[in-house]
J.: 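Input: one structure, supplied below.
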Amino acid sequence: DTPRRVLFTFAADETGHTITLRGTGGTGQAQSETIAGTTAGTVASVLDYKTVTSISISANSTGAITVGTNTVAASGPVALCTMSSPNRSS
């Protein structure tokens, strides 16, 4: 499966709370990030996750928090040919 961004949908105002997301990236490396709680709405992680191993919140949530994924992920590196030049004449 492709690593993806993790979505957090807040049903209530979670401003002032932080959510810690831990898991693995596309090559199996451990990674984590902190998501700031916001008013009702959806926030996406910055990193792409292949697996999620834990999610924790800094205090009791004000309302329901739904966690899911979407189809958005960063693209892998692309090798560029350093031998070509746009100004080269044939």
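Sequential numbering from 1 along the given sequence is applied to the chain's residues.
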J.: Mind jotting down which residue pairs meet the salt bridge (Lys or Arg N to Asp or Glu O under 4.0 Å) criterion with at least one end in residues 27-51? Sequence neighbours excluded, please.
T.: Arg5-Asp48
J.: List the residues meeting side chain to side chain contact (heavy atoms under 4.5 Å, CB included) with Ser32, not counting sequence neighbours, and say none if there are none.
T.: Arg22
J.: Quick one: side chain to side chain donor-acceptor pair (under 3.5 Å) partners of Thr27, sequence neighbours excluded?
T.: Gln29
J.: Under 4.5 Å between side-chain heavy atoms, hopping through other hydrophobics if needed: is there a path connecting Ile19 to Val46?
T.: no
J.: Out of curiosity, does Tyr49 fall in the hydrophobic cluster containing Leu7 (side-chain heavy atoms, cut-off under 4.5 Å, transitive links)?
T.: no
J.: Does any N or O in the side chain of Thr18 come within less than 3.5 Å of the main-chain N or O of Ala36, such that one atom is a donor and the other an acceptor?
T.: no
J.: Give the minimum heavy-atom separation between Arg4 and Asn70, together with the two atoms involved.
T.: CD-O, 3.2 Å
J.: Write down the atom of Pro3, the atom of Gly26, and the distance for their closest heavy-atom approach.
T.: CG-CA, 3.5 Å
J.: Cut-off 3.5 Å, no hydrogens considered: what does the side-chain donor-acceptor table look like for residues 9-16, sequence neighbours left out?
T.:
residue: Thr9; atom: OG1; partner: Thr42; partner atom: OG1; Å: 3.0
residue: Asp13; atom: OD1; partner: Thr15; partner atom: N; Å: 2.9
residue: Asp13; atom: OD1; partner: Thr15; partner atom: OG1; Å: 2.6
residue: Glu14; atom: OE1; partner: His17; partner atom: ND1; Å: 2.7
residue: Glu14; atom: OE1; partner: Thr62; partner atom: N; Å: 3.0
residue: Glu14; atom: OE2; partner: Thr62; partner atom: N; Å: 2.9
residue: Glu14; atom: OE2; partner: Gly63; partner atom: N; Å: 2.9

J.: Below 4.5 Å, heavy atoms only, C-beta onward: do Val6 and Val67 meet side chain to side chain?
T.: yes
J.: Does Thr38 have any side chain to side chain donor-acceptor pair (under 3.5 Å) partners at least two apart in sequence or in another chain, and if so, which?
T.: none
J.: Taking atom CG of Leu21 and atom OG of Ser56, what is their separation to the nearest 0.5 Å?
T.: 9.0 Å
J.: Specify the closest pair of heavy atoms between Ser45 and Ile35, including all atoms of both residues, with the distance to one decimal.
T.: CA-CD1, 3.9 Å
J.: Among all residues two or more places apart in sequence or in another chain, which pass the side chain to side chain donor-acceptor pair (under 3.5 Å) test with Thr20?
T.: none
